[in-house]
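Have a look at the structure below, then the notes.
As a basis for the values below, the full set of heavy atoms in this structure was taken, side chains included, without hydrogen atoms, waters or symmetry mates.
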Amino acid sequence: MSSSSTDVPGPGPAGASNGPAVSRREFDALFESVRTWGRWVPADRGAWNRVTADRVRRAAAMVRSGTVVPMALPWNTRPGPDNHKPALHHMTDLGDVENPEPSAYKDFIAADYHGKAITHLDALCHIAYQGQLYDGRTAHEAVDAAGARFGAVSALGPLVTRGVLLDLPAVLGVGWLEPGQAVHAGAVLAAEKALGVTVGEGDAVLLRTGRVRRSQELGAWDSGAVSAGFHVDAVPLLAERGIALLGADGDNDVRPSPVDGVHSPVHALALAALGVPLLDNLDLEALSAATAEAGWYEFLFVVAPLNVPGGTGSPVSPVAVL
């Protein structure tokens, strides 16, 4: 596997490369080299164990302006090429069910949220590689029709830590990265230098590819088939830095996958090897504008998943506080 790329390709179809290709043997060696099995108790909180009370205090002390920036996409009930399983929302009470005063209005929501249209958190039980969840737990023994007995979202709780935005389009001076464009380790280092920020232990690292802006300007596409995101050669750097959470305005993986026979290799490395939960489908456009105006790309980051016993993740609405 080559990790020599230090530049992000330019915009446009000619620069949208998901490579270099990675063989299964290379990928398996990478998986073994970064895995952190046996490191933490409780194991099903994974890398969130890195976020100590001291790290929370230091993250809170970073707040300067008090600007609060939400990062969740709107609840999406409309089918489209990037929303194959639309969320549900309907009213269950229009003020005509209970006694007249006060009148009450109620609704119902539901979602098959592990897709490309709902902002959500992936818990550690969401992904197994070669039949094993994080920490070497056997997937078919830990997860059944009733949910997960290891690595469930209910084990995580809320996360309050330092957030770092890697705003690649801002670094390149473009509106977005083209679908299929891979972000390599060298691009992470270049973004740190350009933005004046360094990823550190316990951080929530957020990658902006400009997917939301591109969709708004050019229309939706099947981002499950082709999208910008991390190449697997960026993962060892992020592992070395000791991050607690990885997120993106896509689903973190560059697509098509560069790894033969592995459709979501960054998911496998983050969740099953490193114990790093993932945030998929963030809206980072407002955060991009706010950080550019402020002149700094680090902030207090807060996310609180739903407490779903046995759940593989949760819809979420994370916030940054600058």
Side-chain angles (χ1 to χ4, degrees), residues 22-50 84-85 87 110-118 120-157 159 224-225 229-230 232 235-236 238-239 243-248 250-281 303 305-316:
V22 178
S23 70
R24 280 294 290 274
R25 183 174 64 179
E26 290 174 317
F27 180 77
D28 288 347
L30 174 58
F31 189 98
E32 290 299 315
S33 72
V34 300
R35 69 184 177 97
T36 59
W37 295 1
R39 179 171 298 184
W40 292 299
V41 177
D44 52 2
R45 294 193 76 244
W48 283 20
N49 286 291
R50 287 192 167 107
H84 299 160
K85 297 178 180 179
D112 187 348
Y113 57 87
H114 285 297
K116 312 304 174 186
I118 300 292
H120 67 270
L121 178 80
D122 292 339
L124 300 189
C125 63
H126 174 51
I127 292 290
Y129 183 63
Q130 295 185 334
Q132 291 183 302
L133 300 172
Y134 179 68
D135 212 45
R137 307 302 175 100
T138 302
H140 77 264
E141 294 177 355
V143 186
D144 59 23
R149 292 178 294 278
F150 173 83
V153 70
S154 52
L156 291 173
L159 181 71
F230 285 110
V232 295
V235 174
L238 298 171
I243 67 170
L245 176 72
L246 188 62
D251 70 358
N252 290 282
D253 271 281
V254 67
R255 299 187 185 280
S257 168
V259 183
D260 181 39
V262 182
H263 63 80
S264 301
V266 172
H267 274 63
L269 292 171
L271 294 166
L274 287 165
V276 172
L278 296 175
L279 279 174
D280 292 343
N281 310 321
V303 63
L306 297 175
N307 186 1
V308 182
T312 63
S314 168
V316 288

Does the Trp48 side chain pair with the main chain of Ala244, one donor and one acceptor, at a distance under 3.5 Å?
-> yes
Is any side-chain heavy atom of Val232 closer than 4.5 Å to a side-chain heavy atom of Leu30?
-> yes
side-chain contact (heavy atoms from CB on, under 4.5 Å) between Val153 and Thr312, worked out = CA-CA 6 Å; Val153 70; Thr312 63; over 6 Å; no
Polar side-chain atom of Glu26 near backbone of Ser23 as donor-acceptor pair, under 3.5 Å = yes
Counting distance only, does the side-chain N/O of Arg137 pair as donor-acceptor with the main-chain N or O of Phe150 below 3.5 Å?
-> no
Check whether any side-chain heavy atom of Trp40 sits under 4.5 Å from a side-chain heavy atom of Arg50, and report yes or no.
-> yes
Keeping the roles fixed (side chain from Asn49, backbone from Gly46), state whether a donor-acceptor pair exists under 3.5 Å.
-> yes
Are the ring centres of Tyr134 and Tyr129 closer than 6.0 Å?
-> no
Which heavy atom in Ala152 sits nearest to a heavy atom in Cys125, and how many Å separate them?
-> CA-SG, 3.8 Å
Do the non-hydrogen side-chain atoms of Leu121 and Leu245 ever get within less than 4.5 Å of each other?
-> yes
Compare every heavy atom of Ser154 with every heavy atom of Asn307, then report the nearest pair and how far apart it is.
-> OD1-CB, 3.3 Å
Within-4.5 Å side-chain heavy-atom neighbours: Val316 and Tyr113 = no
Please report the closest heavy-atom contact between Gly151 and Ala123, naming both atoms and the distance.
-> O-CB, 3.4 Å
Stepwise, does the side-chain contact (heavy atoms from CB on, under 4.5 Å) test hold for Trp37 with Gln132?
-> CA-CA 11 Å; Trp37 295 1; Gln132 291 183 302; 3.4 Å; yes
Determine whether Leu133 and His126 make a side-chain contact, defined as any pair of heavy atoms from C-beta on separated by less than 4.5 Å.
-> no
Residues Arg39 and Asp135 bridged, charged N to O under 4.0 Å = no
Measure the shortest side-chain to side-chain distance between Phe230 and Val254 over non-hydrogen atoms and say whether it is less than 4.5 angstrom.
-> no
Anything under 3.5 Å between a donor and an acceptor, one on a side chain of residues 260-276, the other on a protein residue two or more places apart or in another chain? List them.
residue, atom, partner, partner atom, Å
Ser264, OG, Arg255, NH1, 3.4
Ser264, OG, Arg255, NH2, 2.9
His267, ND1, Asp253, OD2, 2.7
His267, NE2, Asp122, OD2, 3.2
His267, NE2, Asp280, OD2, 3.4

Ser314 versus His120, side-chain donor and acceptor atoms under 3.5 Å | no
When every non-hydrogen atom of Arg45 is compared with those of Leu124, the smallest separation belongs to C-CD1, 4.3 Å
Of the non-hydrogen atoms in Asn281 and Gly115, which two are nearest, and what is the gap between them?
-> ND2-O, 2.9 Å
